[in-house]
Amino acid sequence: MSAKEEFYAHIEKGYTTKGDFITMGAAMLEGETVTGAYVKVPLKTLNRHGLIAGATGTGKTKTLQIIAENLSDKGIPVLLMDLKGDLSGIAQPSPGHPKIDERHEKIGLPFEPKSFPVEILSLSEQDGVKLRATVSEFGPILLSRILDLSETQEGIVSVIFKYCDDNKLPLLDLKDFKKVLQYATGTGKKEFAKEYGRISTSSTGTILRKIIELEQQGADLFFGEKSFDVEDLTRIDENGRGYINIVRLTDIQDRPKLFSTFMLSLLAEIYSTFPEQGDSDRPELIFFIDEAHLIFKEASDALLDQIESIVKLIRSKGIGLYFVTQNPTDVPNAVLAQLGLKVQHALRAFTARDRKAIK
């Protein structure tokens with residue numbers, strides 16, 4: 001048996017799966033594609049989270065698109081975070097290209113240009129279905145985590161929520177929350193002191209300043225009605241293909257706190273809403289978070305703990321999270337430890353620090 005035949009047999013045996021799978025491409029031996037030596041990922045493992053890493057221009061986005069399209073064909077909905085504005089093209093069939101034909105011939109898979117069912121979503125003023133959540137739905141714990149509050153300040157936020165619950169006052173947006181906060185240390189000071197204890201004006205002042213900082217990043221567009229229903233992310237079209245939901249985030253790159261707020265809110269809502277799946281044969285929904293470092297860029301320790309906790313727990317709901325970034329070190333170690341699949345593109349090392357990180 002030649003080295004190529006031996007390699008083919010090794011790949012074929014190694015990627016034989018019991019259940020359904022998606023095909024990522026064909027394996028290569030000494031720089032040459034081995035036709036028919038398919039690299040497969042079982043659907044059963046896709047909700048164990050993953051990482052797609054590599055330097056700029058090495059094909060991370062293309063890998064993301066291939067996985068998303070394969071999942072859609074299998075009837076599994078996908079949610080893509082589009083920070084560069086280059087993912088919505090999957091809504092239209094490819095015009096074709098000689099290089100694509102050549103690549104597919106080498107792999108041994110036919111190329112069939114087709115469009116996919118796509119829903120465009122938006123967090124900001126960009127076109128698309130608006131993603132919203134009320135402050136009441138967000139809850140005191142997540143709001144405190146996002147605002148990076150002290151223990152005393154967290155207690156005040158909890159009291160504000162309790163007051164609103166007791167008096168059946170809905171907190172729809174940040175303006176509502178600020179008004180109740182001002183009332184607690186103003187005209188309603190005696191009422192609050194009698195029912196809930198005295199509230200420090202210095203603490204409420206700090207909370208107000210942090211809310212204003214969040215508003216300046218565009219959070220006033222995110223908080224409010226009508227709330228987005230996470231069940232809408234799991235739609236299947238008339239042909240049995242899962243919807244590819246694309247969140248347009250091209251204007252969010254300089255507002256990492258808003259991105260973190262949205263991500264944490266969405267994951268928390270999905271975790272509380274979706275039924276327990278256990279170790280199911282296929283995922284219910286797959287997330288791809290492009291430029292993942294933006295989630296962690298300005299996240300406080302409390303927020304990182306919250307993200308880590310949700311990453312650990314959400315797998316049992318049939319949800320897979322895939323972080324797409326230039327370097328694995330962009331993702332905290334506690335989160336990396338939870339990722340079961342890694343697609344590694346080329347990394348570049350220009351400095352001693354880069355070389356150490358890659359090693």
- Query: Are Val78 and Tyr243 connected, step by step, through hydrophobic side chains (Ile, Leu, Val, Met, Phe, Trp, Tyr) whose heavy atoms are closer than 4.5 Å?
  - Reply: no
- Message: Show me the pairs that pass ring-ring contact (aromatic ring centres under 6.0 Å, His included) and involve residues 21-56, at least two apart or across chains.
- Response: none
- Message: By the ring-ring contact (aromatic ring centres under 6.0 Å, His included) test, which pairs, at least two apart or in different chains, include something from residues 56-87?
- Response: none
- Message: Checking Tyr183 now: which residues fulfil side-chain contact (heavy atoms from CB on, under 4.5 Å) with it, not counting sequence neighbours?
- Response: Tyr163, Thr187, Glu191, Phe192
- Query: So how far is it from Leu321 CG to Arg48 CZ, rounded to the nearest 0.5 Å?
  - Reply: 14.5 Å
- Do the side-chain N and O atoms of Ser202 and Ser200 include a donor-acceptor pair separated by under 3.5 angstrom? yes
- One should read off an interatomic distance between Leu174 CG and Leu181 CG, to the nearest 0.5 angstrom, of 11.5 Å
- Does the pair Lys106/Glu102 count as a salt bridge with the N-to-O cut at 4.0 Å? yes
- Query: By side chain to side chain donor-acceptor pair (under 3.5 Å), which residues pair with Thr204, not counting sequence neighbours?
  - Reply: none
- Item | Contacts of type side chain to side chain donor-acceptor pair (under 3.5 Å), residue Lys342, not counting sequence neighbours | Gln344
- Mind checking what makes ring pair (Phe, Tyr, Trp, His ring centres under 6.0 Å) contact with Phe287, not counting sequence neighbours? none
- Message: Does anything in residues 80-101 form a ring-ring contact (aromatic ring centres under 6.0 Å, His included)? List the pairs, not counting sequence neighbours.
- Response: none
- Message: Can you list everything that forms a side chain to side chain donor-acceptor pair (under 3.5 Å) with Glu119? Sequence neighbours excluded, please.
- Response: Arg235
- Classify the side-chain pair Gln65/Lys62 by whether it contains a donor and acceptor separated by less than 3.5 Å. yes
- What residues, two or more places apart in sequence or in another chain, satisfy salt bridge (Lys or Arg N to Asp or Glu O under 4.0 Å) together with Arg103? none
- Got a donor-acceptor contact below 3.5 angstrom from the Asp173 side chain to the Asp176 backbone? yes
- Can you tell me which residue pairs pass the ring-ring contact (aromatic ring centres under 6.0 Å, His included) test with a partner in residues 204-225, sequence neighbours excluded? Phe138-Phe223
- For Asp20, the side chain to side chain donor-acceptor pair (under 3.5 Å) test, sequence neighbours excluded, returns Lys74
- Message: Under a 3.5 Å cutoff, is there a donor and acceptor pairing between the side chains of Ser203 and Gln153?
- Response: no
- Item | Point-to-point distance, once rounded to the nearest 0.5 Å, from CD1 of Ile22 to OG1 of Thr17 | 11.0 Å
- Criterion side-chain contact (heavy atoms from CB on, under 4.5 Å) against Leu87, the qualifying member of Asp82, Ile120, Val118: Asp82
- Message: Nearest 0.5 Å, please: how far is NZ in Lys317 from OG in Ser280?
- Response: 12.5 Å
- All ring pair (Phe, Tyr, Trp, His ring centres under 6.0 Å) counterparts of Phe111, not counting sequence neighbours: His104
